[in-house]
**Q** 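Before I ask anything, let me first share the structure, which is written out below as structure tokens.
When a ligand or atom number is given, it counts from 1 through the structure's own listing order. None of these values were measured; they are calculated from a predicted model. Residue numbers start at 1 and run along the sequence shown.
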Amino acid sequence: MTTHTTRMLIIGSGPAGLSAAIYGARAGMQPIVVQGLQPGGQLTITTDVENYPGFADVIQGPWLMEQMTKQAEAVGTRMMWDTIVDVDLAGGSPFRATGDSGDEYVGDVLVISTGAQAKWLGVPGEQELGGKGVSACATCDGFFYRGKKVAVIGGGNTAVEEALYLTNHSDDVTLIHRRDELRSEKILQDRLFANPKISTLWNKTVERFVEGEDGKLHHLELVDTVTGEKSTLECDGAFVAIGHAPATELFKGKLPMDGGGYLIVDPGTPKTEIPGVFACGDVMDHTYRQAVTAAGTGCMAALDAERFLAAKEHAALEAAE
Ligand code: NAP
């Protein structure tokens, strides 16, 4: 077992964690990033990225994350191929974390950027057609279905917002929900029902995503949750919008979370209730969930971490005098 010590320990290597690392390294905090099970995060399972500023041409998600990782390393970040399995926040700074490898990590500040993952239906064809018609992010992929027929699965705020967003690109959007009433806020429902480009299919679940001859999504096989009747819906794109699950299992009972399991921070900041522990990116943001917003909050976490350490070191100096 090896103990790795740093001024700035970062758990998670998506845009939030790597942006925190880039800023932290440049501020002399010699960050360690423990990458986790999916180094690079959610963008490594997407394909075309057109909405990350700075690139006039379409780039690939895995490539973007590779660049961010190299950039973080170039300015002095140590990347660790490990997954944190336990954290000890009880005694305040420095914070301790244990890796799956058995190694221990000790950081004067802790940045939590463990992200979130879209929930999937777990039915046949869903995984296989990922990026070939099946997506969990209309903001990311809606543009690729300009003028085509699309479906959204779910009945919460995300599903309704995704359906409304998709009408920017498609005149034929079908919302499929497993019950006959939506869970989403009334104002969103009103907008949905008033939009002539959106139709609804009630009491239906998707049993299978079916591939066409071109290797892309061709249609959905549906089943009625009341009558059991089977039907199909042809579409070019299907957006699964049944919620996201933040990766916060590690912090249960150690940091406050909202009902959805997202870490709670001081509004407008990445500060958790424990001084020196910061949360950034999708692990604390169920509203925006974009790579660029995650990167922004990662930057905020590093700036606040720097201030926290400066204040701590100043207090230690004063105490020594
Ligand atoms: P959500 O509110 O949990 O809604 C998930 C939806 O997916 C529900 O309608 C649920 O159906 C359906 N669903 C879940 N599992 C399913 C399955 N296996 N098969 C078929 N349908 C399934 O999730 P969300 O819409 O992502 O929202 C998450 C949180 O973020 C909420 O607190 C929401 O208010 C918030 N949010 C807010 C905004 C905003 O304020 N603008 C925007 C987006 C999200 P049932 O209804 O039958 O359970």
**Q** Quick one: nearest non-hydrogen protein atom to atom 26 (O) of ligand 1, plus distance?
**A**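 It is Thr158 OG1, 2.5 Å.
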**Q** Is at least one protein non-hydrogen atom found at under 4.0 angstrom from atom 3 (O) of ligand 1?
**A** no
**Q** Indicate the ring-plane relationship of Tyr165 and His169, choosing parallel, tilted or perpendicular according to the 30° and 60° boundaries.
**A** perpendicular
**Q** Considering only the protein, which heavy-atom contact is closest to atom 35 (C) of ligand 1, and what is its distance?
**A** His286 ND1, 3.8 Å
**Q** Which of the atoms in ligand 1, numbered in the order shown and given with their element, are less than 4.0 Å from a heavy-atom of Arg179?
**A** 45 (P), 46 (O), 47 (O)
**Q** Applying a 4.0 Å heavy-atom criterion (strictly less than), which segment of Ile153 is in contact with ligand 1: side chain, backbone, both, or neither?
**A**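 None of Ile153 does.
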**Q** Nearest to atom 37 (C) of ligand 1, what protein heavy atom do you find, and at what distance?
**A**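 Going by distance alone, atom 37 (C) of ligand 1 is nearest to Asn157 ND2, 3.5 Å.
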**Q** Could you tell me which atoms of ligand 1, counted from 1 in the order shown, lie closer than 4.0 angstrom to a heavy atom of Glu185?
**A**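 Near Glu185, meaning under 4.0 Å from one of its heavy atoms, ligand 1 has 40 (O).
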**Q** Please list, in number order, the atoms of ligand 1 under 4.0 Å from a heavy atom of Leu121.
**A**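 Counting atoms of ligand 1 from 1, those under 4.0 Å from Leu121 are 17 (C), 18 (N), 19 (N), 20 (C).
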**Q** Just jot down the ligand 1 atoms closer than 4.0 angstrom to any heavy atom of Glu161, in number order.
**A**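 The atoms of ligand 1 under 4.0 Å from a heavy atom of Glu161 are 39 (C), 41 (N), 42 (C), 43 (C).
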**Q** For atom 48 (O) of ligand 1, what is the nearest protein heavy atom, given as residue, atom name and distance?
**A** Arg183 NH2, 2.6 Å
**Q** Is atom 29 (C) of ligand 1 close to the protein, meaning a heavy atom under 4.0 Å from it?
**A** no
**Q** Write out the residue and atom name of the closest protein heavy atom to atom 7 (O) of ligand 1, then the distance separating them to 0.1 Å.
**A** Ile242 CA, 3.3 Å
